[in-house]
Amino acid sequence: MNTHTVTRIGILVGAALVLGYVERLIPLPFALPGIKLGLANTVLLYGLYMMTWRNTMTLMVLKVLLSGILFAGFSGALYSFSGGLLSLVIMLLMMQYNDVSIVGVSISGAVAHNIGQVLMAMLVVQTRGLLLYLPVLMVSGVITGMLTGVIAKNVLKGLSFHRPSNEVGILQK
Amino acid sequence: MKKRDFHLIIIILFMAISALVLGRLTLQGYSNSTEAVIYQKDEEYLRISLNNPQTVVVEENGRLNKIAITENGFSMLESNCHNQYCLHQGEVTLDNMDQRLFGAWIYCLPNEVSIELVKGE
């Protein structure tokens, strides 16, 4: 891992942490557990499209670890990790399809994130009622995934002139 | 957004609706009388008939939940968990259990406590 990569991951982890914190300050009109905008996901999307998957995985693990220490606590970090891992795997799979845009990748990632969190919750408590809640989380994932996907698309567009020539982006989808 | 993105959205929404319908049809618990069943982790902790209204305290390893059981249903009175979502989930009654997002359940994930309203036959 060269200095350039280390610096880049460091900046992105910082950005993801700040977005995760800012998101906590936005009041939602409803108090539903597990539903949030997922602004930090825009950083992961940036990573997926501009770096290797290994570096993006490192980015996700560091973000989960640090936000666990700073805000969420150990159990919160476990939920974030299971959601983040499933979401990254699904997003990497969806990126293989050329006719799915970054918005579609973001939507599948957000839904996978919510499913991953429910799977983790199933290890903790009685699960039958959680299955009832899963559809709610899937629909909310579609909405929040679309929002963060559109944001990520525009961020990538705005930053694309900084892209080093040796990394050919798959942005022009 | 591309055409495939819309296909993806439709597929996910379809899966969500089928999961909702299947869940509502198959996950409802029944027993002899209408009862509140309290779970600690995934094991049954206590089963109380609604004919016997009372306040139940579940306490383990410093985790405390106070549950009010009434003739109509139950609600979480007090919890020392950090997010307090369980208090926001309100009351579960026979009348509202089909409309609630959590169905017949109240969950306190941090304290690993869950309560289900089981319909009497």
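Numbered from 1 within each chain, the chains take letters A, B, ... in sequence-line order.
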[X]-[Y] co-clustered via ILVMFWY side chain contacts under 4.5 Å:
{"X": "B:Ile11", "Y": "B:Ile17", "result": "no"}
{"X": "A:Val105", "Y": "A:Val111", "result": "yes"}
{"X": "A:Leu45", "Y": "A:Leu159", "result": "yes"}
{"X": "A:Leu62", "Y": "A:Tyr21", "result": "yes"}
{"X": "A:Trp53", "Y": "A:Leu85", "result": "yes"}

Using 0.5 Å steps for rounding, measure from the [atom1] atom of [X] to the [atom2] atom of [Y].
{"X": "B:Lys2", "Y": "A:Asn98", "atom1": "NZ", "atom2": "CG", "result": "7.0 Å"}
{"X": "A:Ile35", "Y": "B:Leu101", "atom1": "CD1", "atom2": "CG", "result": "7.5 Å"}
{"X": "A:Met120", "Y": "B:Leu109", "atom1": "CE", "atom2": "CG", "result": "11.5 Å"}
{"X": "A:Leu123", "Y": "B:Lys41", "atom1": "CG", "atom2": "NZ", "result": "12.0 Å"}

Name of the residue among B:Trp105, B:Phe102, B:Tyr85 meeting ring-ring contact (aromatic ring centres under 6.0 Å, His included) with A:Tyr133: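 Output: one option passes, namely B:Phe102.
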Non-hydrogen atoms of chain A under 4.5 Å away: do they reach the side chain of [X], the backbone, both or neither?
{"X": "B:Leu8", "value": "side chain"}
{"X": "B:Arg24", "value": "both"}
{"X": "B:Leu20", "value": "both"}
{"X": "B:Glu112", "value": "both"}

Can you tell me if [X] has over 12 outside heavy atoms packed within less than 6.0 Å of its [atom1]?
{"X": "B:Gln99", "atom1": "CD", "result": "yes"}
{"X": "B:Glu43", "atom1": "CD", "result": "no"}
{"X": "B:Arg63", "atom1": "CZ", "result": "yes"}

Minimum-distance pair of heavy atoms, taken over all atoms of B:Ala16 and A:Pro135: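 Smallest heavy-atom distance, with atoms named: O-CB, 3.4 Å.
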Heavy-atom distances under 4.5 Å only: say whether [X] touches chain B with side chain, backbone, both or neither.
{"X": "A:Leu132", "answer": "both"}
{"X": "A:Val142", "answer": "side chain"}
{"X": "A:Met146", "answer": "side chain"}

Looking at B:Asn83, B:Ile12, B:Ile9, which makes the most heavy-atom pairs under 4.5 Å with chain A?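 Most pairs with chain A among the choices: B:Ile12.
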Among A:Leu137, A:Val150, A:Leu130, which residue forms the greatest number of heavy-atom pairs with chain B at distances under 4.5 Å?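 The residue among A:Leu137, A:Val150, A:Leu130 with the greatest pair count is A:Leu130.
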A:Val125 side chain reached by B:Asp42 side chain, heavy atoms, under 4.5 Å: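 In short, these two side chains do not touch, never coming nearer than 4.5 Å.
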Apply side-chain contact (heavy atoms from CB on, under 4.5 Å) to residues B:Asp5 and A:Ile107 and explain how you reach the verdict. CA-CA 9 Å; B:Asp5 295 343; A:Ile107 290 170; 5.7 Å; no
